[in-house]
Amino acid sequence: MFDMIKTFLSKQWYMRLSLFSLFFLCCFMALFFFCRSQSQPVFFDQWIMDIIYSWQKPFLDIVFNTVTFIGGPLLPFLIVGLAVVLFFVFKRGIATLYFLGANIANAALITFFKYFGDRARPDDGLGLDDAVNNYSFPSGHTAISIMFFGTLFWMTPSLNKNIWVQITIRLICAVLLVLVPLSRIYLYMHYPTDVLGGILLALGVLMGFLFIFRLTYKGEKHA
């Protein structure tokens, strides 16, 4: 066993990404089948929900509504904006295609599993907006946010060499990576297992994307 671990750790880091991707996707599938059609909290759902609901204050209402807006309606514009910056400012056309392809694949998987998961959202009586009528598992806000902000976190050193700019961008990404998933539970939009499913799916896709990118990307012709 020790020799296997030593061999695994000795491989180039991007080769390990493929194994991490498979691990996260397998965990996601196990959770998907467990939660499928479950309309009630499962596992640690109720415990986590009680803790987060106990935080409710007017200030946090504003914070989490803002955060969930960034991770929802605003995010497609951020994705397109980053793609434009990559393509026109940094002249990275091929890298832009990788980036957009990964985000589109991630969104397609979210839609697919939401439809076949057929899990109802938390009780409408808790304050859900009537416009929210799609299925609950996995959390789309969570998965899309992790895909975007995780990619931006990873790409930041390549986009700017200023260490303080890197720290600032990565800190913002790290904060949003935590707050967006929390906001979906806080605002009664998802069960914690929905959020966990979104995290696992996005990490699986993100790790797979980074592995494929590192394995196949040969740079830009004009670089």
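Numbers here are sequence positions counted from 1. In this text the structure is predicted, and so the values were computed from the model without any measurement.
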Discussion item. With ring-ring contact (aromatic ring centres under 6.0 Å, His included) as the criterion, how do Phe148 and Phe153 come out once you've worked through the C-alpha distance, each side chain's angles and the decisive distance to 0.1 Å?
Written reply: CA-CA 9 Å; Phe148 175 75; Phe153 187 97; over 10 Å; no
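- Residues Phe23 and Phe34 fall within the same hydrophobic cluster, defined by Ile, Leu, Val, Met, Phe, Trp and Tyr side chains chained together at heavy-atom separations under 4.5 Å.
- Residues Phe87 and Thr96 share a closest heavy-atom pair of N-OG1, 3.5 Å.
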Practice prompt. Using the side chain to side chain contact (heavy atoms under 4.5 Å, CB included) rule, take Lys91 and Leu86 through it: C-alpha gap first, then chi angles, then the decisive distance, then the call.
Written response: CA-CA 6 Å; Lys91 308 298 182 184; Leu86 282 173; over 6 Å; no
Can you give each donor-acceptor pair under 3.5 Å made by side-chain atoms of residues 193-209, sequence neighbours left out, with the distance rounded to 0.1 Å?
from	atom 1	to	atom 2	distance (Å)
Thr193	OG1	Asp45	OD1	3.1
Thr193	OG1	Asp45	OD2	2.8
Thr193	OG1	Arg119	NH1	2.9
Thr193	OG1	Arg119	NH2	3.4
Asp194	OD1	Arg119	NH1	2.7
Asp194	OD2	Ser136	OG	2.3
Asp194	OD2	Tyr191	N	2.9

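- Every ring-ring contact (aromatic ring centres under 6.0 Å, His included) that Phe112 has, sequence neighbours left out, goes to Phe116.
- Nearest heavy atom pair, residue His190 against residue Gly140, reads NE2-N, 4.4 Å.
- Contact detail for Thr68 and Ser183: the closest heavy-atom pair is OG1-OG, 3.3 Å.
- Side chains of Pro138 and Phe28 form a contact here, defined as non-hydrogen atoms less than 4.5 Å apart.
- Of the residues Tyr135, Phe33, Phe137, Phe32, the one that meets the ring pair (Phe, Tyr, Trp, His ring centres under 6.0 Å) test with Phe113 is Phe32.
- Note that CG of Leu187 is 7.5 Å distant from CG of Asp61, once rounded to the nearest 0.5 Å.
- Note that CZ of Phe211 is 9.0 Å distant from CG of Leu22, once rounded to the nearest 0.5 Å.
- Note on residues 152-169: no pairs pass salt bridge (charged side-chain N to carboxylate O under 4.0 Å, His left out), not counting sequence neighbours.
- If you chain together hydrophobic residues whose side chains sit under 4.5 Å apart, Leu74 and Ile169 fall into the same group.
- What you find for Tyr53 and Ile185 is that their closest heavy atoms are CE2-O, 3.1 Å.
- Atom NE2 in His141 sits 9.5 Å away from atom CZ in Phe69 (nearest 0.5 Å).
- The distance from the SG atom of Cys173 to the CE atom of Met155 is 10.5 Å, given to the nearest 0.5 Å.
- Using a 4.5 Å cut-off between side-chain heavy atoms of Ile, Leu, Val, Met, Phe, Trp and Tyr, with links allowed through other members, Met147 and Ile172 fall into the same hydrophobic cluster.
- At a cut-off of 3.5 Å, with distance as the only test, no side-chain donor of Arg184 or Thr142 sits close to an acceptor on the other residue.
- Atom CZ of Phe44 sits in a crowded spot, with more than 12 heavy atoms from other residues, nucleotides or ligands closer than 6.0 Å.
- More than 12 heavy-atom neighbours from other residues, nucleotides or ligands sit within 6.0 angstrom of CH2 on Trp55.
- Looking only at distances, a side-chain donor or acceptor of Thr66 sits under 3.5 Å from a matching main-chain atom of Ile62.
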Discussion item. Could you go through Leu75 and Phe149, starting from their C-alpha distance and side-chain angles, then the distance that decides it, and tell me whether this counts as side chain to side chain contact (heavy atoms under 4.5 Å, CB included)?
Written reply: CA-CA 10 Å; Leu75 202 52; Phe149 293 113; 4.0 Å; yes
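- Checked by atom type, the side-chain pair Asn162/Gln166 shows no donor-acceptor distance below 3.5 Å.
- Ile79 and Leu97 are members of different hydrophobic clusters when ILVMFWY side chains are connected at heavy-atom separations under 4.5 Å.
- The nearest pair of heavy atoms linking Gly150 to Leu177 is N-CD2, 4.1 Å.
- Atom CD1 in Ile144 sits 8.5 Å away from atom OG in Ser139 (nearest 0.5 Å).
- The structure places CG of Leu176 at 11.5 Å from CD1 of Ile146, a figure rounded to the nearest 0.5 Å.
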Item to complete: Evaluate side chain to side chain contact (heavy atoms under 4.5 Å, CB included) for Ser21 paired with Leu25, printing each intermediate quantity in order.
Response: CA-CA 6 Å; Ser21 176; Leu25 290 176; 3.9 Å; yes
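- Under a hydrophobic clustering in which Ile, Leu, Val, Met, Phe, Trp and Tyr are joined whenever their side-chain heavy atoms come within less than 4.5 Å, directly or via other members, Val178 and Val180 fall into the same cluster.
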